[in-house]
Asker: 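Below you'll find the structure I mean.
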Amino acid sequence: MSAETLTVIDNRTGKRYELPIKHGTIRAMDLRQIKVVEDDFGMMSYDPAFMNTASCQSRVTFIDGDKGILRYRGYPIEQLAERSTYLEVAYLLLHGELPTKAAYEAWAYDITHHTMIHENVKKLMDGFHYDAHPMGMLVSTVAALSTFYPDAKNIHDATSRKKQIHRLIAKMPTLAAFTYRHSLGMPYAYPDNDLSYPGNFLNMLFKTTEVKYKPNPILEKALDVLFILHADHEQNCSANAMRSVGSSHVDPYSAIAGATAALYGPLHGGANEAVLLMLGQIGSKDKVPDFIKRVKAGEGRLMGFGHRVYKNYDPRAKIIKRLAEQVFETTGRNPLLDIAVELERIALQDDYFVKRKLYPNVDFYSGLIYQAMGFSTDMFTVLFAIPRTSGWLAQWEEMLLDSEQKIARPRQVYLGSPSRDYIPVERRG
Ligand code: CMC
């Protein structure tokens, strides 16, 4: 008997099965041979919310939640945040390797030269109500792009895929900035090709009457770091949506719209907004002990704490905490920071949080920076969607090129009514 197997004994029949183990997993399809009688469907595994199911093999992002490790294509997030740029990281995620100087220049040129959107997309945006949520507008307009680029349907053509990847990474900031301008009733500001990726985004958001917008270099750098930190996070809810929608072979704009919709939910991309709300409600540092007491009594959660995968300090939160101090030197200190630091100090030495391994996650400090930079809270999730686009596309392309992948189609355990005959309405009691 090979050591790399799992022995299963079915106590209903006494039969014994040897299931191969590879990469610490067994294949769910290997369970199908386990039957009581020959015409049984066979055994399935039941795993609501994919708590313990690997849905793919991936080479993009690695997370060790117990140790608090995050790597893109093998590179530690700390090194990328300190030394790389978002555009370089996007290249890395999509190509698997860091670019040469020439490859980087060509990549940056291609992204920079795809930032404009068709004027009709602008007209579509004009149709939204003045207080439309920017995420609702982003989901709709990115889906609408598929009608402007029908060539995107050629998902099996590498050249076409590459073009859509350039377009999507380039146009997401433009769509995002236009949603913001729409909400303020300000004229849209067009992309400026002389600026960096984050610099141009700030230009499209905040340019007013000046002839040439000059981004503040500290804020431009901080935004770039935040983009790097949010670029990918392996099989989270929105990446899973991207893969699942994309597995039907729909065009990538429609699949990105699905992923963006998944990100919109408060359990996923919306938590940074909730942190700010919570800090505002606490109001001052001296109220922190009382708030912690209420959390421990089950009256609400400490938002920005805890994670399904990280059972240690989220490595992104550490970087963001340092970044916040740098940003506040420029913007002025966000007074809510003192409350956040006090919450963290008390929680990290409290048995309730220690026992449950609850640490600050990426959302604990990011909202404080966004707010200090001048963003309204409803823009926070949009700021997440822009950089995550490169991660979604990397996951999508990996899925398309994986010969083991097919249309995502889970099974169910049916517990509904057995077969019964239709009853005409006049005979229904
Ligand atoms: N405050 C207080 N208690 C908590 C918290 C929290 N933030 N998070 C978890 N717990 C407790 C929870 O009550 C449970 O206690 P008990 O064992 O006594 O019932 C235990 O810790 C395990 O919690 P869980 O809900 O089973 O854990 P989960 O892995 O299903 O949930 C989570 C993970 C992120 C949804 C959760 O920690 C949470 O709600 N955190 C606050 C919201 C938040 O910050 N979300 C951002 C996630 S990171 C960004 C992203 O994914 O987009």
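Here, residue 1 is the first one in the sequence, and each next residue gets the next number. Whatever order the structure lists them in is the order used to number ligands and atoms, beginning at 1.
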Asker: What is the nearest protein non-hydrogen atom to atom 13 (O) of ligand 1, stated with its residue, atom name and distance?
Answerer: R301 NH2, 3.3 Å
Asker: Given N361, V275, D363, L263, which one has a non-hydrogen atom that is nearest to atom 43 (C) of ligand 1?
Answerer: N361
Asker: Please determine whether a side-chain nitrogen of the Lys or Arg among R167 and D151 lies less than 4.0 Å from a carboxylate oxygen of the Asp or Glu.
Answerer: yes
Asker: Is it the case that the ring center of H182 lies less than 6.0 angstrom away from the ring center of Y130?
Answerer: no
Asker: For H233 and Y310, take the angle between the two ring planes, folded into 0 to 90°, and tell me which bin it lands in: parallel under 30, tilted 30 to 60, perpendicular over 60.
Answerer: tilted
Asker: Look at atom 51 (O) of ligand 1 and say which protein heavy atom is nearest, naming residue and atom and giving the distance to 0.1 Å.
Answerer: H268 ND1, 3.7 Å
Asker: Counting both backbone and side chain atoms, is some N or O of G304 under 3.5 Å from an N or O of ligand 1?
Answerer: yes
Asker: Name the closest protein heavy atom to atom 33 (C) of ligand 1, giving the residue it belongs to and the distance to 0.1 Å.
Answerer: R308 N, 3.7 Å
Asker: Of the side chain and backbone of D314, name the one, both, or neither that has a heavy atom under 4.0 Å from an atom of ligand 1.
Answerer: neither
Asker: Report the part of V295 (side chain from C-beta onward, or backbone N, CA, C, O) that has a heavy atom under 4.0 Å from ligand 1; answer both or neither where that applies.
Answerer: side chain
Asker: Got the closest protein heavy atom to atom 42 (C) of ligand 1, with its distance?
Answerer: M303 CE, 3.4 Å
Asker: How about atom 22 (C) of ligand 1: does it have a protein heavy atom within less than 4.0 Å?
Answerer: no
Asker: Could you check whether D251 and Q164, counting side-chain N and O atoms only, form a donor-acceptor pair closer than 3.5 Å?
Answerer: no
